[in-house]
Amino acid sequence: MTSIRIVAAISLASALALALAGCGSSSSSPSVGSGTSVVSTGGFQSPLTQSLTAGKRGGTLVVLNETEFEHLDPGIAYYNIDYEVVDVTQRALYSYKPNTTTEATPDMASGPPEIAADNRTITIHIREGIHFSPPVDREVTSEDVAYAIERGANPDVANAYFHSYFDSVEGGPKAEGGPIKGIQTPNKHTIVFHLTEPKAQIVADALVLPLSAAVPKEYAEKFDKNKPSNYADYQVATGPYMLKNNSEGKVLGVGYIPGKSATLVRNPNWNPKTDFRPAYLNEILIKIGGTTTVIGRQVLEGTDMVQNEAPNQASVRLAAEKFKSQLEISPGAGTHYIAVNNKVGPFSNIDLRKALWAALDRAAMDKARGGELVTNVMTHFLYPTIPGFEQAGGLAGPKVDYNEHPEGDMAIAEKYIRLAGYAKGKYSGGQTLEVVGSRSSPAEQDAEVVNQTLKNLGFTTKFTLVEPSTMYSKYCGVPKEEIDVCPSVGWIADFADPQTVLNITFNGKFINPVESNNWGQVDDPTINAAMTAAESVTGTSARATAWAKIDDELVADAAAIPFDWDKQANIEGSGVDGVGDLWDSGEWDYDYSSLK
Amino acid sequence: MSVGRLEALPPGGEGLEFLDLGGEIAARSPLQLFWMRFRQDRLALASFAFIVLLIVVAVAAPLVVEVLGLPGPNVQNLNLTDSFGSPLGPSLAHPFGVDQLGQDVMSRVIYGARVSLEVAIIGTGMASVIGVVIGMLAGFYPGWVDTLLSRTIDAFLSIPILLLGLGIGAACAVKGCVGGTIQPGLGVIIFLIAIATWPYMARLVRGLVLSLREHEFVDASRALGASDMRIMFREILPNLTAPIIVYASLQIPFNILFEATLSYLGVGIRPPTASWGQMIASATPIFNTAWWYMTFPGLALLFTVLAFNLLGDGLRDALSPRAA
């Protein structure tokens with residue numbers, strides 16, 4: 001399997017409780033996710049309280065983006081900055097309304113997935129009357145959905161999560177972009193998935209990801225033959241908006257100028273009767289570049305603009321003090337924890353891991369990340385909005401002594417160091433720890449707190465900060481480097497199923513030679529077996545219970561040292577009525593946001 | 001300022017009686033002449049005093065921090081940040097404020113001086129020694145030796161040193177390079193400074209030696225049977241002292257900035273060791289809410305570089321023959 005994304009990147013969220021809903025207004029009260037209600041958002045607006053139907057139509061929203069997009073191809077996009085565009089230009093089979101992480105609404109699909117009793121077959125009907133944007137213009141069929149998913153396995157598309165969720169589809173593991181035996185289209189409005197394992201729920205859940213957004217084969221195939229595919233440069237849309245293009249469908253240089261801007265205009269073929277999105281705005285102009293500090297001030301003092309990425313601490317503080325109505329706080333934006341090497345080195349000893357957990361001043365680390373407004377002290381691994389969070393202990397977490405004191409407790413830490421065989425209560429093993437952190441704020445502050453804590457416990461460290469992507473790709477994600485401590489790794493679920501939080505990061509079968517997301521090389525046979533069993537459990541509640549037990553075992557094993565459940569801040573100008581996506585770390589949703 | 005021809009004569013020289021100096025005029029040594037000129041340059045004097053103070057503070061950093069009642073440079077105290085995690089500003093207890101980890105900025109600025117001066121003095125010293133030796137050899141031995149060394153100098157001058165520093169910093173960050181021999185940090189910065197700046201010194205020295213080797217005192221030494229090494233290092237080198245000192249003093253601020261640049265870019269000094277460049281980098285994202293964090297290390301860097309530059313100018317003026 002390939003890796004899932006890392007926190008620096010982004011999120012889609014949530015599992016499906018697909019027994020519901022068609023399109024229409026959002027008058028019901030959706031289930032928002034486990035533990036969401038107990039997370040304080042400081043009295044600021046949040047995706048939990050915003051109105052989805054009170055927007056005013058028209059106008060151009062300016063979006064300021066510090067960084068460049070990674071990929072705008074729906075089959076490749078994996079970062080939340082990309083999702084913000086893909087979400088308004090493409091319609092996946094299912095999608096979430098902004099204020100939920102657990103109720104997926106049929107989008108391209110006309111109803112919930114039909115899962116066979118043996119949990120090995122999924123049948124989905126495609127909505128009629130949806131058309132691709134120019135120059136394709138024709139109606140979307142089930143074959144377009146099949147091709148969209150199949151191309152994810154094309155090495156020149158290289159979707160990041162295809163093998164994580166679609167390997168149980170017959171033919172999935174060996175797929176390379178061509179037709180997949182287990183994906184059938186008996187008619188132009190029906191698609192059927194045949195699985196080799198009873199994992200229908202997780203496959204159905206994964207259909208909220210943009211890989212399931214239709215792609216017209218006869219149009220895209222020639223672009224997909226390029227190495228790598230450049231379909232993104234000529235992409236067509238099914239959503240309310242499209243990247244501005246010319247008559248040949250070319251987007252690159254027209255509606256998307258790398259490093260400079262992206263222009264989203266209305267899709268003339270979008271039929272609002274087939275969609276639940278209000279799509280208030282006429283145009284969305286995304287400007288790329290600048291620095292986050294300057295952008296933050298520009299947005300807060302401006303009118304018709306928003307900051308696309310999470311603002312830095314200084315902007316959050318400024319907003320909280322002077323621009324209160326322009327700040328949104330969203331719970332359930334992921335986790336940060338310390339990955340310690342379970343396989344080799346001092347932290348292969350469980351008692352030393354518990355000692356570090358006990359000694360760590362998690363409250364201080366969270367303060368360094370921006371304080372209570374944007375963090376909660378993390379006490380276990382499933383996070384708010386993910387099913388199983390409450391069963392695993394909620395905010396307080398499991399009652400074990402090394403988890404009791406968020407401010408750190410050296411007495412308990414010394415107890416565990418003695419249990420590890422160091423009679424004086426300080427590590428005296430003589431081995432120098434390799435500590436590799438991320439050179440970006442606030443992760444580097446976290447890293448320095450961890451480094452100091454290790455020294456307080458008697459360890460000698462070799463402390464290095466590198467670029468965030470380098471930390472993951474070259475060191476923490478490469479087992480043979482034998483890094484002892486990665487002080488601040490993060491994770492956001494692909495969707496709100498507990499498997500997407502725990503499996504890739506703590507299951508021994510996902511220790512890959514490179515790009516491993518099991519950074520601590522956690523490989524406990526008992527936990528591995530429990531995860532394998534839980535993968536096939538069906539039903540949101542049953543899955544939550546099964547994975548919460550696994551969470552308990554991970555805490556008992558001190559497999560990693562948790563310190564932060566993120567809440568994400570987002571800021572808008574005074575003239576914007578922004579709506580954030582709870583399922584996407586509170587990122588602005590341009591399908592629902594409007595100008596005042 | 002002109003000191004007059006007579007002042008340059010040696011004291012009590014035999015055979016000078018015919019000048020009838022009347023016993024009123026005493027000749028001055030070169031050091032006296034230098035001091036007489038240098039002390040009239042108030043800016044250079046003030047810079048010299050600042051640098052001496054800086055060296056004292058850097059050497060005695062632990063004592064200075066203790067006397068001032070400051071916490072150590074790496075003492076973290078998150079209680080000194082507000083509810084948003086923003087550091088608190090200057091106060092009596094923390095005159096320069098604190099950083100995001102509640103570490104005292106003044107304490108770190110004081111310790112940061114150590115890094116800057118180590119880099120400046122050791123790096124410049126190494127570059128000067130290498131440059132002088134290579135330059136003297138190239139200047140003293142025209143022909144293939146000069147050609148070989150001069151081309152070597154050209155080759156080193158073509159190395160994009162900042163990119164090399166960034167490359168080493170990135171490629172060797174964790175495990176080091178060449179079997180762990182090269183590890184980013186102070187040692188590598190000093191090494192980079194040495195290999196980046198010795199060619200300039202070498203070119204300067206080579207040019208001067210090319211001229212000096214034709215002087216009569218060199219012929220005289222050779223006639224007396226002096227070896228090449230003796231001529232180079234005992235006869236010619238003393239005549240190069242002034243330009244070497246001037247050039248080295250002007251190289252020091254460049255090297256301080258080079259270290260600060262690498263640390264700012266994250267490939268210099270490793271945290272938690274305090275470095276001015278690294279502090280400025282960490283302060284950048286929060287400058288609008290914590291002005292002190294960037295300002296004080298920035299000022300320290302500014303004044304230190306300025307002081308070395310002014311001192312270098314003063315030394316040049318005082319040592320330059322044109323001033324006589």
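Note on naming: letters A, B, ... go to the chains in the order of the sequence lines (proteins, then strands), and numbering restarts at 1 for each one.
- In summary, the side chains of A:Thr293 and A:Asn312 do present a donor paired with an acceptor at a separation below 3.5 Å, with no hydrogens or angles considered.
- Among A:Val316, A:Val436, A:Val449, A:Val466, the residue making the largest number of heavy-atom pairs under 4.5 Å with chain B is A:Val449.
- Here A:Lys462 is the residue among A:Lys462, A:Met365, A:Gln452 with the most heavy-atom pairs under 4.5 Å with chain B.
- Salt bridge annotation for A:Asp361-A:Lys367: absent, with no cationic side-chain nitrogen under 4.0 angstrom from a carboxylate oxygen.
- For the residue pair A:Asn451 / A:Thr461, a side-chain donor-acceptor distance below 3.5 Å is found, with atom types taken as modelled.
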Tabulate below the donor-acceptor pairs under 3.5 Å that side-chain atoms of residues 114-121 of chain B make, not counting sequence neighbours, or state none.
| from | atom 1 | to | atom 2 | distance (Å) |
| --- | --- | --- | --- | --- |
| B:Arg114 | NE | B:Ala58 | O | 2.7 |
| B:Arg114 | NH2 | B:Val59 | O | 3.2 |

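- Only the side chain of A:Ile483 comes within less than 4.5 Å of a heavy atom in chain B; its backbone stays farther off.
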Residues 87-98 of chain B side chain polar contacts: donor-acceptor under 3.5 Å, at least two apart:
| from | atom 1 | to | atom 2 | distance (Å) |
| --- | --- | --- | --- | --- |
| B:Ser91 | OG | B:His94 | N | 3.2 |
| B:His94 | ND1 | B:Asp104 | OD1 | 2.6 |

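- Residues satisfying the ring pair (Phe, Tyr, Trp, His ring centres under 6.0 Å) test with B:Phe156, not counting sequence neighbours, are B:Trp198.
- Proximity to chain A (any heavy atom under 4.5 Å) is restricted, for B:Ser83, to the backbone atoms N, CA, C and O.
- In this structure, A:Gly437 and A:Ala447 approach most closely via the heavy-atom pair CA-CB, 4.4 Å.
- Heavy-atom pairs under 4.5 Å with chain A peak, among B:Ser86, B:Pro272, B:Ser282, B:Pro271, at B:Pro271.
- Interface summary for chain A: among B:Thr289, B:Ile286, B:Val174, B:Thr284, the most heavy-atom pairs under 4.5 angstrom belong to B:Val174.
- Taking the charged nitrogens against the carboxylate oxygens, A:Glu444 and A:Arg439 have no contact shorter than 4.0 Å, which rules out a salt bridge.
- Between the side chains of B:Arg270 and A:Thr464, at least one donor N or O lies within less than 3.5 Å of an accepting N or O.
- With a 4.5 Å cut-off on non-hydrogen atoms, A:Arg369 does not touch chain B at all.
- Electrostatic pairing of A:Lys343 and A:Glu482 does not count as a salt bridge here, judged by no charged N lying under 4.0 Å from a carboxylate O.
- By a heavy-atom distance cut of under 4.5 Å, B:Asn74, B:Gln76, B:Leu78, B:Asn79 are the residues of residues 63-80 of chain B near chain A, going up by number.
- Per-residue counts of heavy-atom pairs under 4.5 Å with chain B were compared for A:Glu372, A:Glu467, A:Glu481; the largest is that of A:Glu481.
- Residue A:Gln445 touches chain B through both its backbone and its side chain, counting heavy-atom pairs closer than 4.5 Å.
- Chain B forms the most heavy-atom pairs under 4.5 Å with one residue out of A:Ala320, A:Ala314, A:Ala363, A:Ala368, and that residue is A:Ala314.
- Both the backbone and the side chain of A:Phe463 come within less than 4.5 Å of a heavy atom of chain B.
- When only modelled atom types and interatomic distance are considered, B:Glu259 and B:Ser275 share a side-chain donor-acceptor pair under 3.5 Å.
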